[in-house]
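Residue numbers begin at 1 in each chain, while the letters A, B, ... track the order of the sequences. Given the structure is predicted, the values throughout are model-derived calculations rather than measurements.
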Amino acid sequence: MATELFTLDDLKRILLEAAGADEGVDLDGDILDTEFELLGYESLALLETGGRIEREYGITLDDDALTDAVTPRALIDAVNAQFAAARAA
Amino acid sequence: MTGPAPASVVVTGLGIASPNGLGTQDYWAATRSGKSGIGRITHFDPSGYPAKLAGEIPGFEASEHLPSRLIPQTDRMTRIALAATDWALADAGVTPEELPEFDMGVVTASASGGFEFGQGELQKLWSQGSQYVSAYQSFAWFYAVNSGQISIRNGMKGPSGVVVSDQAGGIDAVAQARRQIRKGTSLVVSGAVDASICPWGWVAQLASGRLSTSEEPTRAYVPFDRDARGYVPGEGGAILILEDAEAARARGARVYGEIAGYGATIDPKPGTGREPGLRKAIELALADAGLAPGEVDVVFADAAADPELDRAEAEAITAVFGPRGVPVTAPKTMTGRLYSGAAPLDLAAAFLAMEDGVIPPTTHIDPSPEYDLDLVVSQPRSARIRAALVLARGHGGFNSAMVVRAVDQHVRGIAS
């Protein structure tokens, strides 16, 4: 799994499983740089999302990666950085 | 008593989720006509367990009532409680966003917490490992979770809390809500919803040794009957909107009635031979309401369906009201015992009975002649009801009693 690329579609699917979606938020819109808080996902929802990503892709995300990633783009980058690290190892 | 009379606290909204009816209208129509919601468990296969019957709420689909954002983080009991709260607020004509957030509080009761959610997470822990346990397990199982989720969803930041005293908790929570209103919070969401009909919840309940193992839905839970053999558990309850009577009147709210009196006691240590505490709880509630026994028009019994507990309850009622001195009913024979949810549902039934002029029946029982009770059996009984007494006992010796009263002249009397 660690050779794939983690995409926005992957993130959206896991977000929906982990935390559903706020009414009035269009996850299909241009959300890459919208902060998670504005999308209706607080820290616990992100903790759950991070846990699901780790389980599904067999990686470990630093706690900082989750708390520092305030937008989908930042979280996707953090996950793909882990993939790259796994490939290099 | 010295000083000014404490503020009158009234109920302005009801939200009901019961095994014999989802929503107030369905529940009351079923309860009036003696329709039972008790049947063989469908939530899981009960064939391997000694008790196989329960009162399950029919047709509750959480996704029809709640946003998807709440589904992954809530147990069934919380989903039902949130929906019932929505209905109660709508019934009261209250839009929380329009009210000051610190003027609204939440006090519910809980007997077991979210067992079904917890069971799922424990199964993941054992079979897949700790990283598979949901982050939401940190709160989704918790006794206080209904109060927490109700307050978050509705932006209620006033005094909140949870009471845990088994079935008595349903009354104790409403009493605590009344205290908070008397201290100055204008609206409190109260009542309780319990729901733990899942294998883990079931074995926990079986451990009490008080569950009926009968497989006949009409004869499994028969309090005050010679064949009383334990109780059938159920899920659900009721959410009540409590308000300061002045505030309710100022906004022109429809009022179901007043929370007029409350009393709570603990039974003496087993083996002491001292009288159980239920009679004292009734007397305290009547004194708090300022009512004589003769002014109570109906008693909603706790109805444990355990011979010893039935006798204790019958003796307490008879000691206060005299032999066959007051109509007694237990519509929970149609729902099973709902733990914390039972007494709020009985309070709701008491208000609906007042409105309708009808005492709902205790179904399917053949009253034992041993008890000198005027039980309303089989058919509803027409009655003018101005005041009702609701009783609830919790495992371990909790006794709680609450008097509710019609308000039309009474509250005006206080205001004048």
- Would you check if the side chain of A:R55 reaches a backbone N or O of B:Q131 as a donor-acceptor pair within less than 3.5 Å? yes

- Query: Given that the side chain runs from C-beta out, which part of B:Y132 has a heavy atom under 4.5 Å from chain A: side chain, backbone, both or neither?
  - Reply: both

Hey, is [atom1] on [X] packed in by over 12 heavy atoms from elsewhere, all under 6.0 Å?
{"X": "A:E17", "atom1": "CD", "value": "yes"}
{"X": "A:E23", "atom1": "CD", "value": "no"}
{"X": "B:K157", "atom1": "NZ", "value": "no"}
{"X": "A:D26", "atom1": "CG", "value": "yes"}

- Message: Return the CG to CD1 distance between A:L16 and B:I71, rounded to the nearest 0.5 Å.
- Response: 13.0 Å

- Enter the distance from B:S138:OG to A:L47:CG here, rounded to the nearest 0.5 Å. 8.0 Å

- Message: Let's test your reading of the structure: which of B:P67, B:G129, B:S68 forms the most heavy-atom pairs below 4.5 Å with chain A?
- Response: B:S68

- Which atom pair, heavy atoms only, marks the closest approach of A:G20 to B:P72? N-CG, 3.9 Å

- How close do A:A45 and B:Y136 get, heavy atom to heavy atom, and via which atoms? CA-OH, 3.5 Å

- Task: Could you look at A:E48 and say if it's the side chain, the backbone, both or neither that has a heavy atom under 4.5 Å from chain B?
- Result: both

